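Since we're looking at a predicted model, the values are computed, not measured.
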Amino acid sequence: MTQDAKAGLMQCYRQIAWCPAAGLDDDWLKAVFRQYGAGNGRILDPFCGSTGLPLCAAIHGHEIIAVDSDPLARIFIEAIRANYRYFKALAVYPAAIPDHDARQAIVHIQQSGQFDHHPASVLALLHCVSHIGHCAFPADTGNLADRYAAIRADAEEFFFQLEPYQLVISKNLGYQSVAVGALAIRNQVDLCLFDPPGFRAEAPDRAWQTVRAFLGLAQPSADHGEGTGEEALLPLLAACHDALKAGGHMLFPLPADHHAQQETLLAALRRLGLDARGEELQGRPFLALQKPDQANAA
């Protein structure tokens with residue numbers, strides 16, 4: 001499993017992950033793992049979303065705890081686990097798509113000979129449903145059918161490339177579908193990347209709502225991370241800090257131009273008695289803090 005093969009797998013995954021991702025470059029993530037990951041230390045991703053970070057960490061030898069209360073996250077977790085049984089049993093509800101033409105287009109794909117319950121097929125269908133949610137005007141049947149065929153081909157290639165990594169992913173990837181503030185992890189992780197979806201311009205929108213409705217899933221609760229005011233951040237930051245081992249690091253990969261969010265984050269950290277400093281890797285600035293080790297704490 002060469003570095004080029006791992007890079008190819010990650011590039012393939014980015015093409016099929018229809019939920020907005022954090023936009024964290026895989027090379028930057030690997031640099032973060034080397035700098036702050038304590039060798040092959042344990043990593044916490046408290047807002048794993050479309051699970052690009054957990055996949056990258058797992059295939060590079062890190063134990064990763066992926067956490068997200070949004071039920072959509074499990075779709076991606078089971079995809080990178082190549083859990084065929086999960087996708088075969090997954091129920092969908094086309095009636096939840098409000099536009100008649102778009103709904104008929106999805107039904108047409110489902111009833112076509114191209115669709116089955118292979119993970120690649122299901123991910124491609126969900127990609128089309130997400131596209132309907134993004135569009136101001138519903139796409140026509142032909143466009144959706146073409147989109148489905150293209151995404152399915154990409155997804156099949158991803159699962160082909162994923163096969164050699166299944167044992168290491170099974171060993172390294174853990175998943176918890178809980179609210180971050182309810183995490184019961186204490187002194188267990190070397191690195192936490194704190195990147196709630198509300199901190200990003202591409203935070204979940206009506207496309208996510210359309211896919212959740214199509215799958216019959218509940219909308220995530222307010223403590224999932226969309227609330228990023230100072231008060232909302234306090235229990236999330238506290239839970240993630242508690243999860244760190246002594247000497248562990250917590251990173252905040254906020255875009256440099258998100259000044260208001262940075263000030264809110266710093267204010268919340270100060271209220272918890274924590275202090276983050278500005279750092280940079282590969283030209284990307286971010287905030288970081290280190291949990292005192294036992295000697296320093298004493």
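With hydrogens and angles ignored, the 3.5 Å screen pairs no side-chain donor or acceptor of Ser69 with any backbone N or O of Ala179. A donor-acceptor contact shorter than 3.5 Å links the side chain of Arg152 to the backbone of Gln114. Listed for the Thr264 side chain is a donor-acceptor partner under 3.5 Å among the backbone atoms of Ala260. Thr51 contributes no side-chain N or O that, together with a main-chain N or O of Pro54, makes up a donor-acceptor pair within less than 3.5 Å. Judged by distance alone, with hydrogens and angles left aside, the side-chain atoms of Asp68 form a donor-acceptor pair with the main-chain N or O of Gly49 at under 3.5 Å.
A salt bridge links Asp26 to Arg14: at least one charged side-chain nitrogen sits closer than 4.0 Å to a carboxylate oxygen. Contact check on Asp70 versus Arg212 returns a salt bridge, with a Lys/Arg side-chain nitrogen under 4.0 Å from an Asp/Glu carboxylate oxygen.
Contact check for Leu281 versus Tyr36: side-chain heavy atoms found under the 4.5 Å cut-off. In this structure the side chain of Ile106 reaches within 4.5 angstrom of the side chain of Cys128, judged on heavy atoms. Tyr13 is listed as a side-chain neighbour of Phe76, based on a closest heavy-atom distance under 4.5 Å. Pro46 is listed as a side-chain neighbour of Cys192, based on a closest heavy-atom distance under 4.5 Å. Between Phe194 and Leu287, the closest side-chain pair of non-hydrogen atoms is not below 4.5 Å. Using a 4.5 Å heavy-atom cutoff, the side chains of Leu125 and Gln110 are in contact. Two residues are said to be in side-chain contact when any heavy atoms from C-beta on lie closer than 4.5 Å; Asp190 and Ile43 fail this criterion. Side-chain contact between Leu123 and Phe158 is absent, with no heavy atoms from C-beta onward closer than 4.5 Å.
For the atom pair CZ (Arg271) and CG (Leu274), the distance works out to 12.5 Å, reported to the nearest 0.5 Å. Atom NZ of Lys30 sits about 8.5 Å away from atom CG of Asp25, to the nearest 0.5 Å. Residue Cys12 holds its SG atom at 9.5 Å from CG of Leu162, rounded to the nearest 0.5 Å. Interatomic distance, NZ of Lys88 versus CG of Asn83, reported as 12.5 Å (0.5 Å rounding). Here CG of Asp275 is found 8.0 Å from CG of Leu269. Values are rounded to the nearest 0.5 Å. Distance check: Gln176 CD to Ile77 CD1 gives 11.0 Å after rounding to the nearest 0.5 Å.
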His62 vs Phe33, ring-ring contact (aromatic ring centres under 6.0 Å, His included): CA-CA, chis, key distance, verdict:
CA-CA 8 Å; His62 293 272; Phe33 299 158; 5.1 Å; yes
Which is it for Gln11 and Gln15 under the side chain to side chain donor-acceptor pair (under 3.5 Å) test, yes or no, and what are the steps along the way?
CA-CA 7 Å; Gln11 181 179 3; Gln15 292 175 332; over 6 Å; no
Assess the residue pair Glu263 and His259 against the criterion (side-chain contact (heavy atoms from CB on, under 4.5 Å)); give the C-alpha distance rounded to whole Å, side-chain angles, the decisive distance to 0.1 Å, and a yes or no.
CA-CA 6 Å; Glu263 288 304 313; His259 303 296; 5.6 Å; no
side-chain contact (heavy atoms from CB on, under 4.5 Å), that's the test. Do Asn143 and His131 meet it? Break it down for me.
CA-CA 11 Å; Asn143 287 342; His131 178 68; over 6 Å; no
Checking side-chain contact (heavy atoms from CB on, under 4.5 Å) for the pair Ser170/Arg81: CA distance, chi angles, key distance, verdict?
CA-CA 7 Å; Ser170 177; Arg81 285 174 169 167; over 6 Å; no
Show, in sequence, the C-alpha distance, side-chain angles and deciding distance for Glu78 and Arg85, and conclude whether the salt bridge (Lys or Arg N to Asp or Glu O under 4.0 Å) test is met.
CA-CA 9 Å; Glu78 302 302 346; Arg85 182 175 299 177; over 6 Å; no
With side-chain contact (heavy atoms from CB on, under 4.5 Å) as the criterion, how do Gln3 and His60 come out once you've worked through the C-alpha distance, each side chain's angles and the decisive distance to 0.1 Å?
CA-CA 9 Å; Gln3 291 302 314; His60 284 93; 3.4 Å; yes
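For the pair Leu265 and Leu233, the tightest heavy-atom approach, listed with the atom from each and the gap, is CA-CD1, 4.1 Å. What you find for Gln166 and Ala82 is that their closest heavy atoms are OE1-CB, 3.5 Å. The two residues Ala276 and Leu266 make their nearest non-hydrogen contact at CB-CD2, 4.2 Å. Between Leu144 and Ala102, the shortest heavy-atom distance links the atoms CD1-O, 4.4 Å. What you find for Pro119 and Phe159 is that their closest heavy atoms are CB-CZ, 3.3 Å. Residues Val67 and Val178 approach most closely at CG1-O, 3.6 Å, considering heavy atoms.
If you chain together hydrophobic residues whose side chains sit under 4.5 Å apart, Ile151 and Leu90 never meet in one group. Cluster membership check: Val168 shares its hydrophobic cluster with Leu173, using side-chain heavy-atom separations under 4.5 Å among Ile, Leu, Val, Met, Phe, Trp and Tyr. Placement of Ile132 and Tyr93 in two distinct hydrophobic clusters is found when ILVMFWY residues are connected by side-chain heavy-atom separations under 4.5 Å, directly or transitively. Connection of Tyr175 to Tyr165 is established within a shared hydrophobic cluster, with ILVMFWY side chains joined at heavy-atom distances below 4.5 Å, either directly or through further cluster members. Under the 4.5 Å side-chain heavy-atom criterion for grouping Ile, Leu, Val, Met, Phe, Trp and Tyr, Val129 is not connected to Val107 through any hydrophobic cluster.
Around the CZ atom of Phe160, the shell of radius 6.0 Å holds no more than 12 heavy atoms that belong to other residues, nucleotides or ligands. Taking a 6.0 Å sphere around CZ of Arg277, one finds it holds more than 12 heavy atoms contributed by other residues, nucleotides or ligands. In Gln282, the CD atom is crowded: over 12 heavy atoms of neighbouring residues, nucleotides or ligands sit closer than 6.0 Å.
Aromatic ring centres of Phe87 and His118: separated by at least 6.0 Å.
Defined by atom type and a distance below 3.5 Å, a donor-acceptor pair is missing between the side-chain atoms of Tyr148 and Ser112.
Between Phe286 and Trp28, the ring-plane angle classifies as perpendicular under the 30° and 60° cut-offs.
By the side-chain contact (heavy atoms from CB on, under 4.5 Å) test, Ala267 pairs with Glu230, Arg270, sequence neighbours left out.
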Show the atom names and distances, to 0.1 Å, of all donor-acceptor pairs under 3.5 Å that link a side chain in residues 239-256 to residues at least two apart or in another chain.
none

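Of the options Val92, Leu126, Ile75, a side-chain contact (heavy atoms from CB on, under 4.5 Å) to Val211 is made by Leu126 and by none of the others.
Among residues at least two apart or in separate chains, salt bridge (charged side-chain N to carboxylate O under 4.0 Å, His left out) pairs with a member in residues 38-53 are Arg42-Glu63.
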